[in-house]
Asker: 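Mind having a look at this structure? Questions to follow.
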Amino acid sequence: MSLRHLLIILTAIGLLPMALLGVWSIHAATQYQEREQERSMLDLARALSSAADAELDASVAMLTSAARSPSLLAGEIDQFYDVASGLAQSQHEWLGMILSDDDGKVLFSTLAGRGAPAPKVVDPASLQRVLSTRQPVVGQISRGTKGRAAFPVRIPVIDDANRLYTLTAVIRPDRIVQMVQRQRVPDGSVISVLDADGRLVARSLHHDNTVAGFPSASLRQLIASAGAESVGNAVTLEGETVVSAYTTLSHYGWTVVVGQPAAQLRAAAYQRMAVYAVGIVAS
């Protein structure tokens with residue numbers, strides 16, 4: 001073997017440990033950075049879940065305050081209609097208020113107007129949960145006859161004669177949408193808020209076209225199989241693969257999902273590896 005070949009082999013043997021150590025270091029740094037990014041996404045999901053709960057808590061508090069009206073406690077339903085109508089008009093996101101009896105029958109709806117025939121109950125399952133648990137419940141989001149998306153917030157009310165009522169506010173998701181759209185996330189990222197039935201309440205991308213619908217099948221499968229909180233891969237409604245961090249720890253049963261394109265999370269690692277490879281070849 002010529003001296004030239006021996007020197008080349010000697011140089012390669014000298015560079016090999018450094019090259020392997022460098023590859024391992026880049027791999028370890030990449031994994032750490034990906035874990036940190038996933039943790040940051042999960043922290044954002046938790047923060048948004050707490051913010052959504054705060055919005056719902058505020059609605060429950062306003063309903064609770066209205067339920068202390070002397071007219072309602074005295075069972076004077078016609079007089080309480082004026083109180084409910086005034087409160088609904090004062091809240092920009094509220095479409096109206098509904099009062100039901102202990103059988104689930106609608107006594108009045110400010111959406112229909114005073115003296116109008118009792119409308120059909122929307123989302124009767126949440127109404128039954130209020131009557132059975134006597135705890136505040138946030139129902140399923142749906143589109144009304146005019147195409148407006150809204151969800152009910154219901155609380156139980158017991159008057160002075162021990163009669164049980166359910167007081168409901170029908171609320172548009174505008175505040176939740178604004179909360180989601182205020183977040184500064186990388187291009188291509190998607191934030192979604194789902195109700196307890198898994199329907200989209202708010203979405204940072206194409207909200208108007210997706211509200212009250214379901215997220216992608218892969219995201220539903222991830223949430224159903226990975227526990228209360230987790231991070232995993234899913235495909236968006238637009239067909240893009242994203243790394244999704246979600247939490248289901250809202251005390252109203254809502255879920256918040258933060259998704260970032262998988263290619264963005266790994267782009268920096270690929271760039272570092274390419275620069276390192278060029279350095280080794282040049283050496």
Side-chain angles (χ1 to χ4, degrees), residues 24-57 138 141 149 151 173-274:
W24 177 84
S25 299
I26 291 177
H27 176 68
T30 299
Q31 286 189 320
Y32 174 78
Q33 184 179 20
E34 287 182 1
R35 287 195 299 268
E36 286 298 299
Q37 288 176 315
E38 290 174 356
R39 183 186 61 79
S40 177
M41 292 164 59
L42 189 55
D43 286 344
L44 176 58
R46 290 167 179 162
L48 290 174
S49 180
S50 297
D53 276 357
E55 293 288 348
L56 298 174
D57 286 340
V138 177
I141 190 166
F151 58 88
D174 297 10
R175 294 283 289 273
I176 308 298
V177 176
Q178 292 169 7
M179 176 188 73
V180 166
Q181 293 178 343
R182 283 197 300 266
Q183 306 308 310
R184 295 182 179 178
V185 293
D187 292 339
S189 298
V190 183
I191 299 176
S192 303
V193 180
L194 316 178
D195 66 13
D197 295 299
R199 293 181 178 271
L200 286 161
V201 177
R203 194 167 184 262
S204 60
L205 189 64
H206 304 149
H207 166 77
D208 292 337
N209 297 328
T210 59
V211 64
F214 287 102
S216 66
S218 60
L219 180 56
R220 297 200 302 270
Q221 183 178 4
L222 173 65
I223 295 172
S225 62
E229 288 185 331
S230 189
V231 179
N233 291 328
V235 179
T236 67
L237 293 173
E238 291 77 22
E240 183 173 5
T241 300
V242 294
V243 177
S244 297
Y246 74 88
T247 179
T248 61
L249 297 183
S250 163
H251 54 263
Y252 292 104
W254 282 18
T255 301
V256 177
V257 186
V258 178
Q260 185 172 344
Q264 288 184 3
L265 290 176
R266 299 181 177 92
Y270 294 150
Q271 184 178 8
R272 285 195 299 268
M273 189 64 72

Asker: From Arg35 CZ over to Glu38 CD, what is the distance, rounded to the nearest 0.5 angstrom?
Answerer: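 Here the interatomic distance stands at 9.0 Å.
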
Asker: Taking the side chain as C-beta and beyond, is there a heavy-atom pair between Asn233 and Val242 under 4.5 Å?
Answerer: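 With C-beta onward as the side chain, the pair stays apart.
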
Asker: Which residue pairs satisfy the side chain to side chain donor-acceptor pair (under 3.5 Å) criterion with at least one member in residues 210-227, sequence neighbours excluded?
Answerer: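 Qualifying pairs, neighbours excluded: Ser216-Ser218.
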
Asker: With sequence neighbours left out, write down each residue that passes side chain to side chain contact (heavy atoms under 4.5 Å, CB included) with Glu238, or none if nothing qualifies.
Answerer: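 In terms of side chain to side chain contact (heavy atoms under 4.5 Å, CB included), with neighbours along the sequence ignored, Glu238 is linked to Arg203, Leu205, His206, Thr236.
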
Asker: Work out which heavy atom in Ala245 is nearest to a heavy atom in Ala45; give both atom names and the distance.
Answerer: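 Looking at all heavy atoms of both residues, the closest pair is O-CB, 4.1 Å.
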
Asker: Could you list the residues that satisfy side chain to side chain contact (heavy atoms under 4.5 Å, CB included) with Arg184, not counting sequence neighbours?
Answerer: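 Arg184 satisfies side chain to side chain contact (heavy atoms under 4.5 Å, CB included) with no residue once adjacent residues are dropped.
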
Asker: Using side-chain heavy atoms (C-beta onward) and a distance below 4.5 Å, is Leu200 in contact with Leu237?
Answerer: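 Heavy-atom side-chain distance check passes, below 4.5 Å.
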
Asker: Do Ser244 and Leu222 come close enough that some side-chain heavy atom pair is under 4.5 Å?
Answerer: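 With C-beta onward as the side chain, the pair touches.
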
Asker: Dump the intermediate steps for side-chain contact (heavy atoms from CB on, under 4.5 Å) on Val257 and Ile223, then the final yes or no.
Answerer: CA-CA 9 Å; Val257 186; Ile223 295 172; 4.1 Å; yes

Asker: What's the spacing between Ser50 OG and Leu249 CG if we round to 0.5 Å?
Answerer: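 These two atoms lie 9.0 Å from each other.
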
Asker: I'd like to know if the side chain of Glu229 pairs up with that of Thr247 as donor and acceptor (distance under 3.5 Å, no hydrogens or angles considered).
Answerer: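 Per modelled atom types, Glu229 and Thr247 side chains form a pair under 3.5 Å.
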
Asker: How close do Pro261 and Asp187 get, counting heavy atoms only, and between which atoms?
Answerer: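 Nearest pair, atom of Pro261 first, then Asp187: CG-O, 4.2 Å.
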
Asker: Any chance you could measure Leu42, atom CG, to Ser49, atom OG, to the nearest 0.5 Å?
Answerer: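 Answer for the CG-OG pair, Leu42 versus Ser49, is 10.5 Å.
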
Asker: For residues 212-264, which residue pairs pass the ring-ring contact (aromatic ring centres under 6.0 Å, His included) check, not counting sequence neighbours?
Answerer: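 Output for this query lists Phe151-Trp254.
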
Asker: If I compare all heavy atoms of Ala212 with all of Arg199, which pair ends up nearest, and what's the gap?
Answerer: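 Looking at all heavy atoms of both residues, the shortest contact is O-NH1, 2.9 Å.
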
Asker: What pairs with Asp43 under salt bridge (Lys or Arg N to Asp or Glu O under 4.0 Å), at least two apart in sequence or on another chain?
Answerer: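 Salt bridge (Lys or Arg N to Asp or Glu O under 4.0 Å) list for Asp43, sorted by chain: Arg39, Arg46.
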
Asker: According to side chain to side chain donor-acceptor pair (under 3.5 Å), who are the partners of Ser250, at least two apart in sequence or on a separate chain?
Answerer: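 Listed in chain order: Asp53.
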
Asker: Could you pull out the closest heavy-atom pair between Pro215 and Gly198, with the gap in Å?
Answerer: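 So the two residues come closest at CD-O, 3.2 Å.
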
Asker: Does any non-hydrogen side-chain atom of His207 lie less than 4.5 Å from one of Val177?
Answerer: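 The answer is yes, as the side chains (C-beta and beyond) meet within the 4.5 Å cut-off.
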
Asker: So how far is it from Glu36 CD to Met41 CE, rounded to the nearest 0.5 Å?
Answerer: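 It is 13.0 Å, given to the nearest 0.5 Å.
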
Asker: Can a donor-acceptor pair be found, under 3.5 Å and without considering hydrogens, that links the side chain of Gln183 to the backbone of Met179?
Answerer: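 Looks like yes, one N/O pair under 3.5 Å.
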
Asker: Shortest non-hydrogen contact from Val211 to Pro173?
Answerer: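 It is CG2-CG, 4.5 Å.
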
Asker: Quick check on side chain to side chain contact (heavy atoms under 4.5 Å, CB included): which of Ile141, Val256, Thr255, Val201 does Leu194 satisfy it with?
Answerer: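 That would be Thr255.
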
Asker: Are Val235 and Glu240 packed together at the side-chain level, in the sense that at least one heavy-atom pair is separated by less than 4.5 angstrom?
Answerer: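 No - every pair of side-chain heavy atoms lies 4.5 Å or more apart.
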
